[in-house]
Participant: 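I am attaching a structure below and will ask some questions about it afterwards.
Protein chains get the first letters and strands the later ones, always in sequence-line order, with residue 1 at the start of each.
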Amino acid sequence: MNRVWVVFRKEASELFRDRRVTTGAFIGPVFMVLMFVFLFGMIQRQVDKPPPPPVAVVATQLDKFSEDILNKSNSKRIDVVTMDSAKARLAKGEVRLAVEFGPALEASIGRGAKITVFYDQTEPMSQIALARFREAVLAAIKPIAERQLKAMGIDPETAQPVQIDAQAIPRPPGLGGSPLIGLLPYLVVLWAFYGGFGIASDLVTGEKDKGTLETLLVSPVERREVALGKFLALCLVCLFSSLATFVAITACGALRLQAVADLFPTGLQVTPSSALVVAMVLLSLVALFAAVLLAVSARAKTVRESQTTLTMVSFLVLLPAVFSQFLGFSGQEREVWVKLTPVLNSAQVLREALLSRIDWPGVGLTVSTSLILALALLGLAVRTFESEKMLGKE
Amino acid sequence: MIVAKGLSKRFVGPKGSTIDAVVDVSFEARPGKVLGILGANGAGKTTLLRVLSTVIRPTSGAATVAGHDIATEPAKVRSSIGFLSGSTSLYGRLTSRECLAYFGRLNGMSGQAMAQRMDFVIERLSLAPFLDQLCDRLSTGQKQRVNIARAILHDPPVLFLDEPTAGLDVLSSQAVMEFIEESRDQGKTVVFSTHIMTEAERLCDEVGVIHQGAIVARGTVSELRSTSPSLEHAFLGLVGYVRGAVQS
């Protein structure tokens, strides 16, 4: 037992001198927990007290009673003339619901009263808004309906005083109509990073460890050229990895297997403008990721140090990517801070592009944010390459 | 031709501490001659060669290599040198042929000129049997032969060889020494750092003994050992070795 203790003490003291243990076993979990608590707290607050959802209302035949329902549903009312224009705004994601009240609603309760509501099944906030709207309608009509039905000798429990005709607008055509639309941008973003993550340390720091860097630096090639060559190689791997995600998803759909048939109800096609946005966002995103990977691995003295630092950096990619999954519940997808948050903005724009909703200023802001950060990090990496400490032996 | 005048290199540590790795080193190395830099581990041999090959910049002093200033024309200096050391490695996931082609292209070679030069080094260093094997799968001796080929592929007039036989068996060491002799006979300027006295005695036309970054003696091998029973004794005396005490 005494020798077990001796071995244990030696192992423990060695382990706690290893930065991978201190960062991986302590700083990492604390950082992750804090971020997740903050993230889910924010989402919970949004779900409990959501901002008034914008609702398009066909306002041609609104009576006072209908207006009261809208007020009670805590909606931000946007009047439109026809249901078609309301549905168009819903498809663009500008409103959460498209509502049309039947004529003289209050007077027709219990006599064929009807409210037509369209919602977007691809948007969580649209479904939440529908549920809240239903609650508001039922709360408003309940006392009137019960009174009328009792006067007619009908049990209110068995009658339906108002028909709420809730219909989903058609799913967008192509890949955007897949129920996987929420997951796909998350996977694409994640693999754009993790594709290069595995080889970045070997590509740069590994050259220091193996002695090939010195062989390279005594050749006539400029260090800036070495850095840029490696940057492009990392871009290629990151891009390849993220595109492989698209390929895997479309291959699943193209095989037409019964098990996954329901996941691709509207086919696999992507419009040219959506494809252009996907390409722009992906290229800027892989440039950002490649620059991050290059800058970190160039500064590390050993492969182990590089891997430890990259693991920590990967949380900064993982968290916005995870958050993109829940962004729909926060109702803040169109806020400027989302468009300026790296990674999160790319995931959101990819999703919108696949849904054929292209917000060009948002695309521009997202691409610019990624490229500016990529250039700054690439500059840092080039400076590290040009430093004498690059060989890591001085 | 290499001319170094007052070269110094000082490293600054993370807490502001300084290490003078090379101190006021001056020398000339001529074509067709082998200049030996003789020193113990940590004496400053590798730092001196890295300064001359422009991998690191000198803190003070100047040098020209094949007529090019190391401070103002570093790319031309690197085009004029072949650098080989015990720590310069090859890319394990490339074959020997791919490795040579890669460094040939980095040196601006292409087409027929590169193909001819490749054929020459492959023939000269007997690389053909393992030319298409991944470098990771080569023996230490085979790797060093490919490394030599890599260093001379662009036919540089100057060779920097930093302990090139480190870790090699006697046969591989012999091949490296023959290569140095041939390079000298071809009129190349060779700077060869070592701490192995027999290698210095065999190869060097002139020797500079480096200790704590400074050249403490220069001359031919016979001049250095004229007052000592052997070059080893002369070297130990020059670096202040005291029996029973290990010097850094």
Participant: Taking side chain as everything from C-beta outward and backbone as N, CA, C, O, which of these in B:F160 sits under 4.5 Å from a heavy atom of chain A? Side chain, backbone, both or neither.
Facilitator: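 For B:F160, there is no contact with chain A at all, as no heavy atom is under 4.5 Å.
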Participant: Between the side chain of A:T212 and the main-chain N/O of B:L90, is any donor-acceptor distance below 3.5 Å?
Facilitator: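 Flag not set: sc A:T212 to bb B:L90 has no pair under 3.5 Å.
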Participant: Looking only at heavy atoms, what is the nearest atom pair of A:P220 and B:A75, with distance?
Facilitator: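 Closest heavy-atom pair between A:P220 and B:A75: CB-O, 4.1 Å.
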Participant: Main chain of A:S219, side chain of B:R78: is a donor-acceptor contact present, judged purely on distance under 3.5 Å?
Facilitator: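 Such a contact is found between B:R78 side chain and A:S219 backbone.
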Participant: Might you confirm whether atom NZ of A:K210 has over 12 heavy atoms from other residues, nucleotides or ligands at distances under 6.0 Å?
Facilitator: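 Buried by this count: over 12 neighbours within 6.0 Å.
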Participant: Indicate yes or no: at least one non-hydrogen side-chain atom of B:R50 is less than 4.5 angstrom from one of A:E388.
Facilitator: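 SC-SC contact between B:R50 and A:E388 ruled out.
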Participant: Working note: A:E214 + B:D162, criterion side chain to side chain contact (heavy atoms under 4.5 Å, CB included); need CA distance, chi angles, decisive distance, verdict.
Facilitator: CA-CA 12 Å; A:E214 189 164 11; B:D162 184 15; 5.6 Å; no
Participant: When you look at B:Y91 and A:T215, which way does the side chain to side chain contact (heavy atoms under 4.5 Å, CB included) test go after all the steps?
Facilitator: CA-CA 10 Å; B:Y91 292 100; A:T215 314; 5.9 Å; no
Participant: Which region of A:E225, side chain (C-beta onward) or backbone (N, CA, C, O), has a non-hydrogen atom less than 4.5 Å from a non-hydrogen atom of chain B, or is it both or neither?
Facilitator: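 Neither part.
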Participant: Of all of B:A21, B:G92, B:S89, which one pairs up most often with chain A through heavy atoms under 4.5 Å apart?
Facilitator: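 Option with the top pair count is B:S89.
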Participant: Is the count of non-hydrogen atoms from other residues, nucleotides or ligands lying under 6.0 Å from A:R299 atom CZ greater than 12?
Facilitator: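 Open: at most 12 neighbouring heavy atoms sit under 6.0 Å from CZ of A:R299.
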Participant: I'd like to check A:R223 versus B:V55 (side-chain heavy atoms, cut-off strictly below 4.5 Å). Are they in contact?
Facilitator: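 Yes; the side chains approach each other to less than 4.5 Å.
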Participant: Does any heavy atom of chain A fall under 4.5 Å from the side chain of B:R57, the backbone, both, or neither of them?
Facilitator: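 Interface part for B:R57: both.
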Participant: Got a salt bridge between B:R93 and A:D202, using NZ or NE/NH1/NH2 to carboxylate O under 4.0 Å?
Facilitator: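 A salt bridge links B:R93 with A:D202.
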Participant: Can you confirm whether A:F240 is buried at CZ, in the sense that more than 12 heavy atoms of other residues, nucleotides or ligands lie under 6.0 Å from that atom?
Facilitator: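 Atom CZ in A:F240 is not crowded, with 12 or fewer foreign heavy atoms closer than 6.0 Å.
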Participant: So what's closer than 4.5 Å to chain B heavy atoms on A:L216: side chain, backbone, both or neither?
Facilitator: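 It is both, since atoms from each part get that close.
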